[in-house]
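To keep things clear, I will list the structure first and then write my remarks on it.
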Number of protein chains: 2
Amino acid sequence: MLKSLPFRLREYQRGEEIITAHSWPQESCLIVEGFTARAVDLEDGTRQVTGVQVPGDFVDLDALLLRQIDHSVVALSACTTGFTPHKDLIRVTEQAPHLGRMLWLATVIDGAIQRTWIANLGRRSPVAHVAHLVCELYLRLEAAGCASGHRLDFPITQQQLADVLGLSTVHTNRTVQELRRTGLITWMDGTVHILNFHALTRLAAFDPTYLSLAAVSR
Amino acid sequence: MLKSLPFRLREYQRGEEIITAHSWPQESCLIVEGFTARAVDLEDGTRQVTGVQVPGDFVDLDALLLRQIDHSVVALSACTTGFTPHKDLIRVTEQAPHLGRMLWLATVIDGAIQRTWIANLGRRSPVAHVAHLVCELYLRLEAAGCASGHRLDFPITQQQLADVLGLSTVHTNRTVQELRRTGLITWMDGTVHILNFHALTRLAAFDPTYLSLAAVSR
DNA sequence: CGTCAGATTGATATTCATCAAGATCGGTGG
DNA sequence: CCACCGATCTTGATGAATATCAATCTGACG
């Protein structure tokens, strides 16, 4: 039923803006391939990334209910996305309540991830924060069939990573270096290799429950 | 229809735990009176507050779909809450899709608030963060009919506020003092008085769009 | 060969945490 | 009534963490 919905495919280049802040979208956007990030731009010119999407994630499902969107979405890598009109998604939720609950669930899991990010920003050290982020992304990508063998593509600039961590680029650079120095990961040319997953989860105090991967698996 | 749902009222004292982390609730909790906070406890003993609820807010609507809850909820003040079984809420979403969408909307607005909190933690200065928090809470309380005249009850300990801001208690204290010194607010005995709302929103770079208060008003 | 984006490094200033010590205030028992 | 206590707020001193500024380095590309 979901597959029968109308959609249009579109490709974006790295860095391109997929959704502009304060717009009023009439479609929702699903990532087919590539990475995107939600970004909030503050008045002083700084930017905070509030979420990262991987293939299979909806990017702006909340706009289905919220009308005006309060953040922009940018392509972290080359992406292909599918757009489906809101009215068709709404129709699905009415005709197939269990599918509607699945969409609701997607937004709720998004919220759980956001709560974890709040904890990361507020109370985890920068090193633990990066470690946590890598653990999270690896499991999400693995669940989406886009990563295996403790290796993942994560084509993010250190400038952008700084906007995820809420740090300066210089400090971000030193944080990644520390993670490399301790032998837990390598990170080169947009590819992260987790050398010791168990130690990484321990450093990050990572508990994957919030990702609800068991519930999502099919 | 919502009012006809079965529910049980319960009161909590300040500081009491309403929902324990990693539990498996079968009911959802609505705040009737008082304030609560969602808290994530980290392994090193620190705590991060990921959200604050005011009267009219659901506290754990996400547990309706998520099963296991990943955070605890504590009473910031004396509270009275209403618990409604999940199965009754689910039934409502099936029989009255528009009400189901309203519940969905509630979780989506929650997510928008969380994104703002991520930006607050990552990129706003502590002073701007507190200012933003006060603006947000005032508008939410006003919308709930629990505040007016730029005055709001916010019975939170500076220790707890520190867990909201991701700072130490000492620094939190100095941050609040700075906000008082600049003449923007007074904050005594759990009551905040906004002396210059416009200047406060400017300091916080506060844009109320994310609260969707227009859409929620009835 | 020049240019540019991104990564890296060092020096320095600012912010924030930590530690330790009062201060204030309501409650509580003698 | 008074001494004591615990919780909370406040303050000062110190050191660690982080931002900022300014270079340098690297590799891709025309």
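Each chain gets a letter, A, B and so on, in the order the sequences are listed, and its residues count up from 1.
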**OP:** Take atom CD of A/Glu17 as the centre, draw a 6.0 Å sphere, and report whether it contains more than 12 heavy atoms from other residues, nucleotides or ligands.
**Re:**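 It does: A/Glu17 CD has more than 12 such atoms within range.
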
Subject >> CZ/B/Arg180: more than 12 non-hydrogen atoms of other groups inside 6.0 Å >> reply: yes

Report the distance from atom [atom1] of [X] to atom [atom2] of [N], rounded to the nearest whole Å.
X	N	atom1	atom2	answer
B/Asp189	D/dT10	CG	P	11 Å
B/Glu178	D/dT10	CD	P	14 Å
B/Leu161	D/dT8	CG	P	13 Å
B/His129	C/dT15	NE2	P	18 Å
A/Gln159	C/dG6	CD	P	8 Å
B/Leu179	D/dC9	CG	C1'	17 Å
B/Ile156	D/dT8	CD1	P	12 Å
B/Leu167	C/dA17	CG	P	5 Å

Original post:
Is there a side-chain hydrogen bond (donor to acceptor under 3.5 Å, both in side chains) between A/Glu136 and A/Trp117 once you walk through the steps?
Top reply: CA-CA 10 Å; A/Glu136 173 186 314; A/Trp117 281 40; 3.1 Å; yes

Subject >> Most 5' of A/Gln158 and B/Ser168 on DNA chain C, judged by nearest nucleotide >> reply: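 Looking at the nearest nucleotide for each, A/Gln158 comes out on the 5' side.
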
**OP:** For A/Val170 and for B/Arg174, locate the closest nucleotide of DNA chain D by heavy-atom distance; then report the residue assigned to the nucleotide nearer the 5' terminus.
**Re:** B/Arg174

Subject >> Pair B/Thr50-B/His71, side-chain hydrogen bond (donor to acceptor under 3.5 Å, both in side chains): steps then yes or no >> reply: CA-CA 9 Å; B/Thr50 64; B/His71 54 266; 5.5 Å; no

Original post:
Base, sugar-phosphate alone, or nothing: which one does B/Gly190 contact when heavy atoms must sit under 4.0 Å apart?
Top reply: nothing

**OP:** Look at all strands and tell whether B/Arg180 reaches a base, only sugar-phosphate, or nothing, counting heavy atoms closer than 4.0 Å.
**Re:** sugar-phosphate

Original post:
Going by the angle between their ring planes, with limits at 30° and 60°, are B/Phe197 and B/His150 parallel, tilted or perpendicular?
Top reply: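 Because their plane-to-plane angle is under 30°, the rings of B/Phe197 and B/His150 count as parallel.
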
Original post:
If you check every side-chain atom of A/Asn173, which of C/dT9, C/dG6, D/dC9 has the closest atom?
Top reply: C/dT9

Subject >> A/Gln160 vs C/dG6: side-chain N/O to OP1/OP2 distance below 4.0 Å >> reply: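 Answer is no, no contact under 4.0 Å.
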
